[in-house]
Amino acid sequence: IFPPELRFAFLKFFNRIFHLFSSYCYFDITEIDGVNTNELYNAVQLYLSSSVSIAGNRLSLTRAVNSSSITFGLSNNDSIVDTFNNVTVLWEHVVTQRQTQTFAWRPLPEEKRGFTLRIKKRDKALILSSYLDYIMERANEIRRKNQDRLLYTNSRGGSLDSRGHPWESVPFKHPSTFETLAMDPVKKQQIIDDLKDFAEGQMFYQKTGRAWKRGYLLYGPPGTGKSSMIAAMANHLGYDIYDLELTEVHSNSELRKLLMKTSSKSIIVIEDIDCSINLTNRKKNSNATTQRSYYDMETRPGTGSGEESGSERIFVFTTNHIDKLDPALLRSGRMDMHIHMSYCDFPSLKILLKNYWGYEEEDVDDDVLKEMERVVEKAEMTPADVSEALIKNRRDKDRAVRELLEDLKSRGDGNVKDGKLRGQSGNLTELEIVEEEEKRAIDSQNEEEDSDEEEIEVKDNICKD
Ligand SMILES: Nc1ncnc2c1ncn2[C@@H]1O[C@H](COP(=O)(O)OP(=O)(O)OP(=O)(O)O)[C@@H](O)[C@H]1O
Ligand SMILES: [Mg+2]
């Protein structure tokens, strides 16, 4: 009845009035912007799939290629509430049918999808840009965590692949997590907290002008979980692992190339660092410095990947013999945390019982548990040994536990008899002497570190002034 022009004008007018009185503003984020895919759309989708307490009763599920996890999403025309900095916003997923195209170079999907964000007008300035930044950041993180990890190795001894990369990669599927890692829970939590502070510390590193890196030294006998710890770190953070085989590196420039080709948010691992040293010492001049400088080198401006403060790297070194390490390697700034992985103690034993048998503390006979607590440290069994004992009798849990206890007892008695442990007299045994020496070596390093740190602080202050 009305001519279309009039109808349109009326609608426009009505809309304007409506918006004038509405206390909300709306932002449309369409999936396809012109012909390009809108990155923000994907980010919002990922973000909503994880961080919002999902209350909608219809969710869509997706699983990406190369991923082992499933993500939830908002179904068509559903909405969801989110809060950011105490501001509440509403997201709506809007899906409409697209008009059929007669011809297009690149056919568009039949449905037109988009998110509409509703924010109170008075909150707009407060949060909009920081909220969107936050969403992009979270989405990247989720993307990384959903993807399977990669393990890179330099076993080709310096030769490059067809694309000029010195690293070879395979999917990394180590199941170890901090939950399954058997070690003192307090120490474990310290490490988790340290990783968290580091991963979230970009601002700190930028502000202080320090390279965004952290070094961990894991030491202890074989089978105590050093490699498992590295896997747990990678799984926890969602980082890839670069397993750097130093014996395959022939020069500093080669090492530099390798380090330059590592990506940000990765863990660079150098296992058995004491063995690498023995080997490299043979060729004195070029390589004696190698083991020390790889850690420093990567972070010097101009030698890194070119995006210094934004590129985040964790170095992990492992050794069975901390006493054989070059003292300079233990010095300030090179290792931020020394982590002693040791024989199975009672808390670790309980974790292993839970891993393998699903045992909670109350499931195991009280007397057996007490007996285990009494003997486990004397037995000096590694978590690897205990794990082995636990899976030996897969079909008979009770028997497995009984046999493990017997095993612990006999080893413990043997150790006491051989005088390997602290005897009645309180004298230190051979083993403990080694441990004491390790501790002393580290303590003296720490002291040096402290004084070095003071020096750095002074320098920092001078710079500030
Ligand atoms: N702390 C632990 N928590 C859980 N499982 C462990 C632990 N330590 C060892 N294990 C078990 O033993 C196996 C071997 O351990 P892992 O390779 O981590 O030891 P390692 O300290 O790296 O030894 P090496 O010095 O020989 O490299 C692991 O795959 C795991 O099943
Ligand atoms: Mg190992």
Side-chain angles (χ1 to χ4, degrees), residues 149 151-155 170 172-192 195 215-236 241-248 267-279 314-325 329 335 337-361 372 376-377 379-394 400-401 404 407-408 411 431 434-435 438:
R149 319 269 81 76
L151 172 68
Y152 293 89
T153 51
N154 64 318
S155 49
V170 289
F172 176 73
K173 295 211 164 143
H174 199 297
S176 174
T177 63
F178 276 115
E179 202 185 345
T180 63
L181 195 65
M183 69 181 291
D184 176 29
V186 177
K187 254 202 301 189
K188 193 194 284 192
Q189 193 56 47
Q190 277 172 359
I191 297 166
I192 296 174
L195 287 172
Y216 299 93
L217 173 69
L218 309 180
Y219 66 101
T224 50
K226 296 180 294 299
S227 302
S228 308
M229 162 78 82
I230 295 169
M233 286 176 163
N235 289 331
H236 182 71
I241 293 184
Y242 289 86
D243 189 1
L244 179 59
E245 183 56 68
L246 271 191
T247 52
E248 296 282 337
I267 302 183
I268 297 167
V269 177
I270 296 154
E271 291 250 34
D272 299 318
I273 182 85
D274 48 303
C275 305
S276 319
I277 284 176
N278 284 344
L279 266 158
I314 290 174
F315 286 80
V316 182
F317 306 85
T318 75
T319 178
N320 296 137
H321 309 280
I322 194 169
D323 48 324
K324 286 192 196 157
L325 291 190
L329 201 65
M335 309 284 172
M337 212 175 186
H338 294 172
I339 302 167
H340 186 192
M341 301 300 285
S342 186
Y343 293 115
C344 196
D345 56 10
F346 189 54
S348 308
L349 180 63
K350 284 193 285 191
I351 294 171
L352 291 174
L353 282 171
K354 190 171 174 207
N355 288 351
Y356 287 97
W357 296 118
Y359 269 138
E360 297 294 344
E361 215 162 307
M372 282 183 164
V376 65
E377 291 195 20
E380 295 191 335
M381 273 172 92
T382 61
D385 291 339
V386 174
S387 307
E388 196 92 327
L390 283 173
I391 46 177
K392 208 166 62 189
N393 293 299
R394 243 174 213 280
V401 170
L404 174 63
D407 208 1
L408 287 169
R411 287 194 198 213
L431 246 166
V434 174
E435 284 222 333
E438 283 177 5

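Start at 1 and go down the list; that is how both ligands and their atoms are numbered.
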Could I get the full list of ring-ring contact (aromatic ring centres under 6.0 Å, His included) partners for Phe178, not counting sequence neighbours?
His236

Starting from atom 3 (N) of ligand 1, find the nearest protein heavy-atom neighbour and note its residue, name and distance.
Ala182 N, 2.7 Å

Can you tell me which residue and heavy atom of the protein come closest to atom 12 (O) of ligand 1, and the distance to 0.1 Å?
Ala384 CB, 3.3 Å

For ligand 1, which is the ligand I care about here, please tell me if [X] has any N or O atom under 3.5 Å from one of the ligand's N or O atoms.
{"X": "Lys226", "result": "yes"}
{"X": "Ser227", "result": "yes"}
{"X": "Met183", "result": "no"}
{"X": "Asn320", "result": "yes"}
{"X": "Thr224", "result": "yes"}

Please work out, at 4.0 Å between heavy atoms, whether the side chain, the backbone, both, or neither of Leu352 comes within that distance of ligand 1.
side chain

At under 4.0 Å between heavy atoms, which part of Thr382 makes contact with ligand 1: side chain, backbone, both or neither?
neither

Within the 4.0 Å heavy-atom shell around Thr180, which atoms of ligand 1 are there?
3 (N), 4 (C)

Given Met337, which of Leu218, Ile191, Val316 fulfils the side chain to side chain contact (heavy atoms under 4.5 Å, CB included) condition?
Ile191

Everything protein-side that's N, O or S and under 2.8 Å from the Mg ion (ligand 2): list it, residue and atom.
Ser227 OG

Which word best sums up how the rings of His338 and Tyr219 line up, parallel for under 30°, tilted for 30 to 60°, or perpendicular for over 60°?
perpendicular

